[in-house]
Amino acid sequence: MITVSVHPTAEEACATAASEVIKGLRIRPELVLGLATGGTMRAFHAALARLHRSEGVSFARAMIFNLDDHVGVPADHPQSFRRFMRETLFDLVDVDPARCFMPDGMAQNLDAAAAAYDRQISAAGGIDLQILGIGRNAHIAYNEPGSAHDSRTQVVALAAQTIKLAARAFAPAAPPRRGLTMGIGTILEARRIILIAGGADKKQAVARALAPPPRTACPASALQRHKDVLFCLDSAASFGADRLGFGARMPM
Ligand code: F6R
């Protein structure tokens with residue numbers, strides 16, 4: 001079931017998602033948390049860091065599994081996802097770096113690295129709470145349109161639109177064309193999922209994700225198959241927000 005919560009601003013949508021993580025950590029300090037990268041996550045990570053300080057809740061015993069990595073982008077590259085996580089979150093909270101994982105897009109053998117990542121997640125007991133963003137084409141992690149809903153962590157070709165969006169950040173170098181991503185099947189095994197989206201450019205993707213039935217043309221529609229998903233949206237990303245009113249929760 002997908003529940004939708006609509007907030008006046010993206011910051012408030014992020015704060016709601018962050019408070020769910022903090023609640024999770026309070027109940028289970030060893031929480032296995034799945035995290036994402038991208039513009040949406042900046043405000044979410046800032047909210048998490050703020051709550052960590054104000055509520056005195058620790059990440060030290062939590063485990064973190066990131067969704068994806070670019071293939072061939074080294075950890076110290078300005079656009080690397082590892083660097084993004086360090087700068088937006090890990091340096092601001094008390095995570096144990098030995099308990100933070102990301103698929104290794106620099107691995108010699110990417111298929112072996114992908115399979116190893118799924119084994120690591122299983123060995124941790126599975127993901128308790130997975131945070132997702134959504135692409136304008138409704139991708140989740142780097143599972144682009146056409147991805148099977150039972151896919152495992154794997155190497156994928158990025159969609160033309162995804163490459164184009166990344167191009168400016170990587171210029172003058174060429175943007176990466178492949179990703180190493182948790183599969184949709186891997187994501188659906190998380191016990192709880194929170195998707196965060198803000199801005200009018202996400203509205204159509206959100207509407208498609210919520211429209212039944214689940215279909216491979218729309219990766220985020222796979223979330224309809226899960227029993228516990230929360231969409232934290234701002235009003236601009238929320239189709240029908242006017243009808244629902246701010247803060248409305250709409251069981252799907
Ligand atoms: C990245 C990821 C992607 C992003 C999506 C939205 O780890 O999982 O699916 O969540 O591309 O990115 P932004 O927030 O930059 O619009």
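Atoms within each ligand, like the ligands themselves, are counted from 1 in listed order. The structure displayed is predicted, hence computed values, not measured ones. For this chain, numbers begin at 1 and follow the sequence in order.
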Checklist outcome for this item: min-distance protein heavy atom vs atom 6 (C) of ligand 1 -> Ile134 O, 3.4 Å
Checklist entry - Is the backbone of Arg61 close enough, under 3.5 Å, to the side chain of Asp96 for a donor and an acceptor to pair up by distance? => result no
Checklist outcome for this item: re atom 9 (O) of ligand 1, the protein heavy-atom contact at minimum distance is Ala141 O, 2.8 Å
Item to check | Atoms in ligand 1 with a heavy atom of Leu67 nearer than 4.0 Å | outcome: 8 (O)
Item to check | Tyr117 and Phe65 aromatic ring geometry - parallel, tilted or perpendicular at 30°/60° bounds | outcome: perpendicular
Checklist entry - How close does the nearest protein non-hydrogen atom get to atom 2 (C) of ligand 1, and which residue and atom is it? => result Asp68 OD2, 3.5 Å
Next on the checklist: Would you say Leu132 ends up clustered with Leu233 if hydrophobic residues are merged whenever their side chains have heavy atoms under 4.5 Å apart, either directly or through other cluster members?
Outcome noted: yes
Item to check | Atom indices of ligand 1, in the order listed, that fall short of 4.0 Å to a heavy atom of Gly38 | outcome: 14 (O), 15 (O)
Checklist outcome for this item: Shortest non-hydrogen pair, Thr153 vs Thr186, comes out as N-OG1, 3.4 Å
Checklist entry - Among protein heavy atoms, which sits nearest to atom 16 (O) of ligand 1, and what does the distance come to when rounded to 0.1 Å? => result Lys202 NZ, 2.7 Å
Checklist entry - To which protein heavy atom is atom 15 (O) of ligand 1 closest, and what is the distance rounded to 0.1 Å? => result Gly39 N, 2.8 Å
Item to check | Those atoms of ligand 1 less than 4.0 Å from some heavy atom in Arg136 | outcome: 16 (O)
Item to check | Salt bridge Asp128-Arg191, side-chain N to carboxylate O under 4.0 Å | outcome: yes
Checklist entry - Can you check whether Ala190's main-chain N or O pairs, donor with acceptor, with His226's side chain at less than 3.5 Å? => result yes
Item to check | atom 10 (O) of ligand 1 - nearest protein heavy atom and its distance | outcome: Gly133 CA, 3.3 Å
Item to check | Donor-acceptor contact present, side-chain Arg86 to main-chain Asp91, <3.5 Å | outcome: no
Checklist outcome for this item: the protein heavy atom lying closest to atom 14 (O) of ligand 1 turns out to be Thr40 OG1, 2.5 Å
Checklist entry - Just checking, any donor-acceptor pair under 3.5 angstrom between side chains of Ser221 and Gln224? => result no
Checklist entry - Where is the nearest protein heavy atom to atom 4 (C) of ligand 1: which residue, which atom, and how far? => result Thr37 O, 3.9 Å
Next on the checklist: Looking at ligand 1, is there an atom of it that comes within less than 4.0 Å of some heavy atom belonging to Met41?
Outcome noted: no
